[in-house]
Each structure stands twice: as structure tokens, then as C-alpha cells.
Amino acid sequence: MSRLAQTHGLSEVQREILSTVRDFVDKEIIPVATELEHRDEYPQGIVDGLRELGLFGLMIPEEYGGLGESLLTYALCVEEIARGWMSVSGIVNTHFIVAYMVKQHGTPEQKEYFLPRMATGDVRGAFSMSEPALGSDVSAITSKAVRDGDEYVLTGQKMWLTNGGTSSLVAVLVRSDEGHPEGTAPHKSMTTFLIEKEPGFGQVRPGLTIPGKIDKMGYKGVDTTELIMDGLRIPANRVLGGATGRGFYQMMDGVEVGRVNVAARGCGVAHRAFELGVSYAQQRHTFGKQIAQHQAIQFKLAEMATKVEAAHAMMVNAARKKDSGERNDLEAGMAKYLASEYCKEVVEDAFRIHGGYGFSKEYEIERLYREAPMLLIGEGTAEIQKMIIGRRLLEEYRLQG
């Protein structure tokens with residue numbers, strides 16, 4: 001086991017779970033990840049293995065068939081999975097966010113209906129806030145829901161759905177002006193709908209189309225899609241929590257825990273990049289000795305390892321803060337910001353250590369070099385994280401009098 005990224009104070013159960021996941025990653029993910037990624041192939045065999053391990057229900061309460069574990073346990077598992085292949089962690093993470101939102105905000109009926117099947121992975125989740133012209137400005141959402149008797153009619157186009165094709169449940173944030181008079185703050189007139197659909201592409205239910213996979217630089221294997229609603233009819237009992245106008249807060253709660261997991265993914269990718277860099281540095285020889293014996297390379301390795309440790313510590317702190325029941329948007333924003341930036345830097349240093357071979361698709365670092373940039377924008381850009389951090393710091397350190 002690596003000396004880096006160790007977490008103190010874990011229970012025996014947590015250590016057993018992590019050991020099982022780590023073994024699965026080493027045996028079932030790392031050996032096939034690069035080949036599947038180059039083919040942009042959905043890792044069905046890996047996903048089936050994660051279902052057998054119970055990973056899709058890790059944080060779902062035991063009363064609904066899950067394992068009832070903490071956010072910390074989940075984040076540490078995500079870190080291990082991302083160390084193997086970041087795309088797999090994305091498949092699990094979007095499902096987890098939807099399950100978390102249903103658990104925290106769903107009606108009793110919604111919890112009973114969705115959570116047991118989500119725990120087994122029979123129902124897999126995706127969530128959708130972004131739109132083609134939206135960027136980070138969630139308040140500018142134009143997709144809308146209009147009440148029609150016992151149903152709502154949804155129209156609009158959403159963007160950047162991870163699991164958009166393979167999911168069977170999508171949590172979608174739209175504008176709903178019902179009961180919210182003109183002039184109401186935008187974030188108070190948004191609603192989250194739980195939309196069931198068939199997995200696949202094309203028209204997946206009347207009024208709902210998943211056009212196809214978006215071709216990406218990295219983060220392949222997992223399907224990233226658009227979602228088009230054109231007269232999509234959804235029963236009123238599929239409003240998350242049973243009342244309109246709460247969607248923005250529900251989504252932000254989900255994104256808050258999602259940021260912890262993006263931080264965990266950054267930690268995992270950075271850890272793998274360090275492993276590849278330190279290994280290659282001891283295999284490659286120049287000027288009559290291992291390049292690991294050159295001071296310049298040792299300096300790089302020292303910086304890389306320190307960044308892996310620092311990012312891991314901040315991620316663990318953010319997860320534990322949330323598990324304690326306290327507000328953790330400051331810690332989650334810091335962890336996501338630091339881990340994604342450090343991940344990019346550690347991957348680049350490992351790439352430099354590989355020299356020209358790092359540019360070859362035969363080497364794993366080439367894949368990591370294309371994957372790391374996604375973490376810089378997923379769940380909010382660095383600039384968004386800095387805004388969140390800055391505002392919260394001013395709340396905490398506001399001058400009195």
C-alpha cells in the first residue's frame with residue numbers, strides 16, 4: 001500500500017471497504033482502462049463489478065437496501081476508482097448525487113420508490129442543470145415547466161449530462177413560475193423534476209430526446225450528452241420534495257457533496273500520475289544513471305507527492321465536515337479548487353518525467369493528461385470556487401460595528 005494519501009481514524013468496516021475497492025481497481029480497472037478509453041467504450045463489465053460490490057448504494061440508508069456509509073467512505077472509494085480510471089468514477093458520482101438528493105429532499109413515496117432500485121444499480125441516475133448558453137450562471141436557466149392539471153409540461157434544452165444515455169432517472173432543474181409572482185428572485189422559481197426514461201439514445205420517452213454522445217478530448221467511455229424536452233409531460237408527484245420553488249437549493253446541496261467527490265477524483269488521478277512518474281523515473285536511464293537520481297527529477301517528485309498529500313487532506317476534511325452535519329461549502333470549494341489544480345500540475349509533471357514517451361498512446365500518462373482538464377471545470381470552475389470561498393470568508397470574518 002502506498003504511503004501517500006492515507007486517512008487516519010477509519011473504522012475497521014471502512015478499511016475493509018477501501019481494501020476491497022483498491023483490489024478491484026488494481027485487478028479489474030487499471031489493466032483495461034487505457035484500451036477501453038482509446039475505443040471510447042462504455043465499461044459495462046467494470047460497472048457490473050461495482051454493482052456486485054454494492055458501490056451504487058454505498059450512501060443509501062440500509063432501510064432502502066444500501067450500505068448506509070458516510071460521505072467520507074464514499075469519497076475515499078471515488079478516489080480509489082479515479083486512480084484506476086476517472087471515467088468510471090464519473091459514472092458512479094452522478095448516480096450518487098441523484099440518490100443523495102432523493103434521500104435528503106424526496107417525499108417518503110419518492111424515497112420508497114427510487115432508493116431501493118438505486119441501491120442495487122437497477123436504476124442509475126444522472127442530473128442536469130447546465131444549458132447550451134448557460135455556463136456557470138444557473139440563474140439564467142430558460143428550460144421551463146408549466147402546470148397542466150395533474151401534470152407539468154417541460155420544454156427546453158439541457159447540456160453536459162454525464163450518464164445521459166445509460167441512466168434511467170434524470171434529476172432536471174427547470175424554471176417553474178407557478179406560485180412565484182413576477183419579480184421573484186430567479187433561484188426561488190426553480191424546481192427539480194425526477195424524470196424516468198429508457199436508457200439509450202434518440203427518443204427515450206414521449207417528449208424527451210437524448211441526441212447522442214458528445215465527442216470529448218478526454219473523459220471517454222462514460223456518455224456525456226444533451227437532453228431535449230419538447231412537450232415532455234411529467235406527473236406532479238415527480239417534483240422532488242413535492243413542492244415547486246425548491247429546486248435551486250436541492251441542486252446546490254447535491255453539487256456541494258459532488259464537489260467533495262470531484263476533489264476525490266482529482267486526488268485519485270494525481271495519485272496515479274505520481275505512481276506512474278516515480279516508477280518511470282526509476283526505469284529510465286540518462287547520462288549513466290536512473291533519471292530518479294537527477295536532482296531535478298527528485299525535486300519534481302517531492303513537489304508532486306506533497307500536492308497529492310495536501311489535496312487528499314483537504315478532501316477528507318471537507319467530507320468529514322459534511323458528515324458532521326455542518327455547512328461545508330467553504331471546505332468543499334477549497335478542496336475542489338485545490339485538488340483539481342494540483343491534479344493538473346501533478347499530471348503535467350509526470351508527463352514531463354516521461355519525456356517524449358508521455359506523448360505516446362502506449363503510455364498511461366497520455367490518457368491522464370487528457371482527463372485532468374475536465375476536473376478544472378466540472379462542478380464549477382476555479383473562478384466559481386474562488387467566488388464561493390471569498391464570500392464565505394467574508395461572512396466568517398465580517399467586521400463588527
Side-chain angles (χ1 to χ4, degrees), residues 29-30 32-43 46-47 78 81-94 126-136 157-167 201 210-227 258-259 261-274 276-277 311 336-337 339-385:
I29 298 183
I30 289 177
V32 300
T34 296
E35 180 183 353
L36 291 175
E37 196 270 350
H38 287 167
R39 296 205 303 259
D40 199 6
E41 181 177 326
Y42 186 79
I46 293 173
V47 171
V78 167
I81 294 170
R83 187 178 68 85
W85 184 12
M86 193 181 73
S87 293
V88 179
S89 68
I91 292 170
V92 178
N93 191 45
T94 48
F127 75 103
S128 176
M129 290 191 297
S130 188
E131 297 181 0
L134 189 61
S136 299
Q157 183 178 3
K158 309 298 283 186
M159 194 72 174
W160 305 119
L161 277 76
T162 300
N163 286 345
T166 50
S167 61
F201 301 97
I210 306 293
K213 293 168 60 175
I214 297 171
D215 194 16
K216 310 182 296 290
M217 174 179 76
Y219 198 42
K220 294 179 178 289
V222 60
D223 49 297
T224 305
T225 73
E226 300 174 67
L227 179 147
R259 283 181 179 139
N261 286 286
V262 171
R265 289 155 78 178
C267 292
V269 173
H271 196 171
R272 183 58 181 165
F274 172 80
L276 295 173
K336 193 275 174 186
Y337 167 57
S340 59
E341 295 291 335
Y342 275 1
C343 175
K344 177 200 69 171
E345 294 170 9
V346 172
V347 168
E348 182 170 341
D349 278 343
F351 176 84
R352 289 172 183 270
I353 288 172
H354 280 73
Y357 289 105
F359 210 61
S360 168
K361 287 192 173 185
E362 295 181 21
Y363 284 76
E364 189 178 342
I365 191 62
E366 180 270 343
R367 169 171 61 83
L368 271 59
Y369 194 76
R370 288 183 289 104
E371 289 179 338
M374 197 284 292
L375 297 172
L376 299 173
I377 53 177
E379 312 292 10
T381 63
E383 289 73 24
I384 290 295
Q385 306 312 317

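None of these values were measured; they are calculated from a predicted model. What's counted below: heavy atoms across the whole structure, side chains too, no hydrogens, waters or symmetry copies.
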Just jot down the side-chain contact (heavy atoms from CB on, under 4.5 Å) partners of [X], sequence neighbours excluded, or say none.
{"X": "Thr166", "result": "Tyr42, Arg124, Asn163, Asp223"}
{"X": "Tyr363", "result": "Tyr280, His354, Tyr357, Ser360, Ile365"}
{"X": "Ser87", "result": "Trp85, Tyr219, Val222, Glu371"}
{"X": "Ala264", "result": "Ala75, Val78, Glu79, Met315"}

Check [X] against [Y] and note the closest heavy-atom contact, atom names and distance.
{"X": "Ile46", "Y": "Val32", "result": "CD1-CG2, 4.0 Å"}
{"X": "Leu227", "Y": "Pro211", "result": "N-CD, 4.5 Å"}
{"X": "Ala33", "Y": "Gly84", "result": "CB-O, 3.7 Å"}
{"X": "Ala263", "Y": "Ala339", "result": "O-CB, 3.5 Å"}
{"X": "Glu366", "Y": "Gly358", "result": "CB-O, 3.5 Å"}
{"X": "Ser340", "Y": "Leu375", "result": "CB-O, 3.3 Å"}

So, taking the atom named [atom1] in [X] and the one named [atom2] in [Y], what distance separates them when rounded to the nearest 0.5 Å?
{"X": "Cys267", "Y": "Arg83", "atom1": "SG", "atom2": "CZ", "result": "13.0 Å"}
{"X": "Met86", "Y": "Asn93", "atom1": "CE", "atom2": "CG", "result": "10.5 Å"}
{"X": "Thr224", "Y": "Lys213", "atom1": "OG1", "atom2": "NZ", "result": "8.5 Å"}
{"X": "Ile377", "Y": "Met374", "atom1": "CD1", "atom2": "CE", "result": "7.5 Å"}
{"X": "Leu276", "Y": "Glu364", "atom1": "CG", "atom2": "CD", "result": "4.5 Å"}
{"X": "Asp349", "Y": "Lys344", "atom1": "CG", "atom2": "NZ", "result": "10.5 Å"}

Task: Option passing side chain to side chain donor-acceptor pair (under 3.5 Å) with Glu37 (candidates Lys361, Arg370, Arg367, Lys220) - done: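 Looking at Lys361, Arg370, Arg367, Lys220, the match for Glu37 under the side chain to side chain donor-acceptor pair (under 3.5 Å) is Arg370.
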Task: Criterion side-chain contact (heavy atoms from CB on, under 4.5 Å) on Phe359 and Phe351, from CA distance to verdict - done: CA-CA 8 Å; Phe359 210 61; Phe351 176 84; 3.9 Å; yes
Restricting to salt bridge (Lys or Arg N to Asp or Glu O under 4.0 Å), what partner residues turn up for [X], sequence neighbours left out?
{"X": "Glu226", "value": "none"}
{"X": "Glu383", "value": "none"}
{"X": "Glu362", "value": "none"}
{"X": "Arg352", "value": "Glu348"}

TODO: Just do the side-chain contact (heavy atoms from CB on, under 4.5 Å) check on Thr381 and Gln385 with the steps written out, would you?
DONE: CA-CA 6 Å; Thr381 63; Gln385 306 312 317; over 6 Å; no
Open item on the list: side-chain contact (heavy atoms from CB on, under 4.5 Å), that's the test. Do Ile91 and Val47 meet it? Break it down for me.
Closed with: CA-CA 8 Å; Ile91 292 170; Val47 171; 4.1 Å; yes
Open item on the list: Suppose we screen for side chain to side chain donor-acceptor pair (under 3.5 Å). Which residues come up paired with Ser130, at least two apart in sequence or across chains?
Closed with: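 Ser130: no side chain to side chain donor-acceptor pair (under 3.5 Å) contacts found.
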- [ ] Go through the structure and list residues passing side chain to side chain donor-acceptor pair (under 3.5 Å) with Thr162, not counting sequence neighbours.
- [x]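 Residues passing side chain to side chain donor-acceptor pair (under 3.5 Å) with Thr162: none at all.
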Task: N-O pairing of Lys216 and Asp40 below 4.0 Å - done: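 Looking at Lys216 and Asp40, the cut-off is not met.
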Task: Audit row: Arg272, Ile30, side-chain contact (heavy atoms from CB on, under 4.5 Å) steps and yes/no - done: CA-CA 10 Å; Arg272 183 58 181 165; Ile30 289 177; 3.6 Å; yes
